[in-house]
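See structure below.
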Amino acid sequence: MEIIEKKLLELQDLQYREFHAKLMPNVDPERIIGVRTPELRKLAKEIAGEDYIDEFLQELPHQYYEENNLHAALVNLKFLEIHELLEQVERFLPYVDNWATCDMMSPKGFRKDLGLVYEKIKQWLQAEETYTVRFGIVTLLGFYLDEQFQEEMLGLVAGIKSEEYYINMAIAWYFSIALVKQYETTISYIQEQRLEKWTHNKAIQKAIESRRVPEERKEYLRTLKVK
């Protein structure tokens, strides 16, 4: 959409574009404008109520990487009926082609019915698309590791078998945060080596790097690394 493209180009930072393109090896550099995330989130808030936004959200696929990120940021702000929100998310997911866009999307509206969203997550975790699976994992991480936590969720994530780096990194990230928030339940998955070797060791590494894990637990986790 021309008006969106114009606004994004006004926020372009060419030096940042060059740097950020290196973090997105699977995204064509020609599709990257170079807009810093805080600026993009600010833009989303500024234009969320404009008449043309619904049209923009319907226009898929978008041309630019930042248009996808803006799309995700706008979905986060949408206060829709839960079924309509899930419909919007599922329309967009097939066009998510990188970790940053995937992780950008965390709709506040999910809290309206986390039970229904959880049923969708179970479907996303079984999808063929890399970033649909990753989105399921990061949604569990973002919304279900506190009062909504259920032990079966650990099993769902541990049960994902994939050769995709960005899925396995998400699994490791999930378990590292689970070791912070739900340690007593999660530690058995590490003790029993329920994850693939690389993912297992990466989860331990990320947990050890966390300031929220007590030192004595870090020492114990180091003994659980697989050589």
Side-chain angles (χ1 to χ4, degrees), residues 24 26 37 40-41 44-45 48 57 60 62 65 68-162 164-183 185-186 189 194-196 199 202-203 206-207 210 212:
M24 300 286 143
N26 59 325
T37 300
L40 194 141
R41 292 187 191 277
K45 290 179 181 179
L57 294 176
L60 291 167
H62 300 304
Y65 159 76
N68 280 337
N69 285 1
L70 184 64
H71 188 126
L74 287 165
V75 169
N76 290 349
L77 299 172
K78 282 281 187 180
F79 290 97
L80 301 171
E81 187 272 331
I82 188 63
H83 291 88
E84 188 179 352
L85 177 58
L86 284 168
E87 184 179 324
Q88 281 213 10
V89 168
E90 294 204 296
R91 278 192 72 252
F92 182 51
L93 279 175
Y95 300 98
V96 175
D97 61 359
N98 65 86
W99 64 267
T101 304
C102 177
D103 298 358
M104 173 82 74
M105 191 160 56
S106 182
K108 296 178 181 179
F110 277 179
R111 296 196 182 278
K112 291 181 179 180
D113 194 336
L114 287 171
L116 178 61
V117 174
Y118 182 45
E119 294 306 310
K120 283 292 183 184
I121 289 172
K122 293 177 186 177
Q123 296 174 23
W124 297 333
L125 295 180
Q126 297 179 41
E128 295 183 2
E129 298 86 358
T130 295
Y131 296 101
T132 299
V133 176
R134 183 179 171 103
F135 180 69
I137 298 168
V138 298
T139 303
L140 278 178
L141 188 160
F143 291 89
Y144 297 86
L145 277 176
D146 295 302
E147 63 274 8
Q148 296 292 329
F149 174 73
Q150 300 175 43
E151 184 175 354
E152 70 175 42
M153 296 170 179
L154 295 171
L156 289 176
V157 178
I160 298 169
K161 305 303 177 188
S162 175
E164 292 287 346
Y165 171 83
Y166 291 105
I167 289 177
N168 289 326
M169 182 58 85
I171 295 170
W173 182 21
Y174 173 83
F175 270 88
S176 72
I177 302 302
L179 284 167
V180 172
K181 294 189 171 186
Q182 301 291 342
Y183 179 83
T185 309
T186 306
Y189 280 76
R194 299 273 296 272
L195 306 176
E196 297 293 331
T199 312
K202 182 61 70 172
K206 292 178 76 67
S210 173
R212 293 182 288 173

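All heavy atoms count here, side chains included; hydrogens, waters and symmetry mates do not.
Partners of K45 by salt bridge (charged side-chain N to carboxylate O under 4.0 Å, His left out), not counting sequence neighbours: none found. Among residues two or more places apart in sequence or in another chain, the salt bridge (charged side-chain N to carboxylate O under 4.0 Å, His left out) test is passed with K202 by none. For R91, there are no salt bridge (charged side-chain N to carboxylate O under 4.0 Å, His left out) partners at least two apart in sequence or on another chain. For F175, the ring-ring contact (aromatic ring centres under 6.0 Å, His included) partners are Y189, not counting sequence neighbours.
H83 has its side chain out of reach of D113: every pair of non-hydrogen atoms, C-beta onward, lies at least 4.5 Å apart. Inter-residue side-chain proximity for K78 and L57 is flagged as met; some heavy-atom pair is nearer than 4.5 Å. Residues H71 and M105 form no side-chain contact, since every pair of their non-hydrogen atoms from C-beta on lies 4.5 Å or further apart. Counting heavy atoms from C-beta outward, R111 and V117 have side chains that stay 4.5 Å or more apart. With a 4.5 Å cut-off on side-chain heavy atoms, R41 and M104 count as touching.
Heavy-atom contacts from other residues, nucleotides or ligands closer than 6.0 Å to NZ of K108 number 12 or fewer.
Summarising the geometry of L85 relative to P107, their closest heavy-atom pair is CD2-CB, 4.0 Å, with the distance given to 0.1 Å. Residue A203 comes nearest to L195 through the heavy atom pair CB-CD1, 4.4 Å, listed as atom of the first residue, atom of the second, then distance. Nearest heavy atom pair, residue L179 against residue A207, reads CD1-CB, 3.8 Å. Contact detail for L74 and A48: the closest heavy-atom pair is CD2-CA, 3.8 Å. Annotation for L86 and F110: closest pair CD2-CE2, 3.8 Å, computed over non-hydrogen atoms. Across every non-hydrogen atom of L80 and K112, the tightest pair is O-NZ, 2.5 Å.
In this structure, a donor-acceptor pair under 3.5 Å is present between the side chains of N69 and T101.
Between the side chain of Q182 and the backbone N or O of L145, at least one donor-acceptor pair lies under 3.5 Å.
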Determine, stepwise, if the pair I121 / F143 fulfils side-chain contact (heavy atoms from CB on, under 4.5 Å). CA-CA 11 Å; I121 289 172; F143 291 89; over 6 Å; no
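Between S162 atom OG and M169 atom CE the span is 13.0 Å, to the nearest 0.5 Å. Taken to the nearest 0.5 Å, the OH atom of Y144 stands 4.0 Å off from the CG atom of L114. L70 contributes atom CG, which lies 8.0 Å from atom NE2 of H62 (distance to the nearest 0.5 angstrom).
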Between side-chain atoms of residues 148-160 and protein atoms elsewhere (two or more places apart, or another chain), which donor-acceptor pairs fall under 3.5 Å?
| from | atom 1 | to | atom 2 | distance (Å) |
| --- | --- | --- | --- | --- |
| E152 | OE2 | Y118 | OH | 2.5 |

Which pairs would a plain distance check flag for residues 127-138, meaning a side-chain donor or acceptor within less than 3.5 Å of a matching protein atom at least two apart in sequence or in another chain?
| from | atom 1 | to | atom 2 | distance (Å) |
| --- | --- | --- | --- | --- |
| Y131 | OH | N26 | ND2 | 3.3 |
| R134 | NE | D103 | OD1 | 3.0 |
| R134 | NH1 | Y166 | O | 2.7 |
| R134 | NH2 | D103 | OD2 | 2.7 |

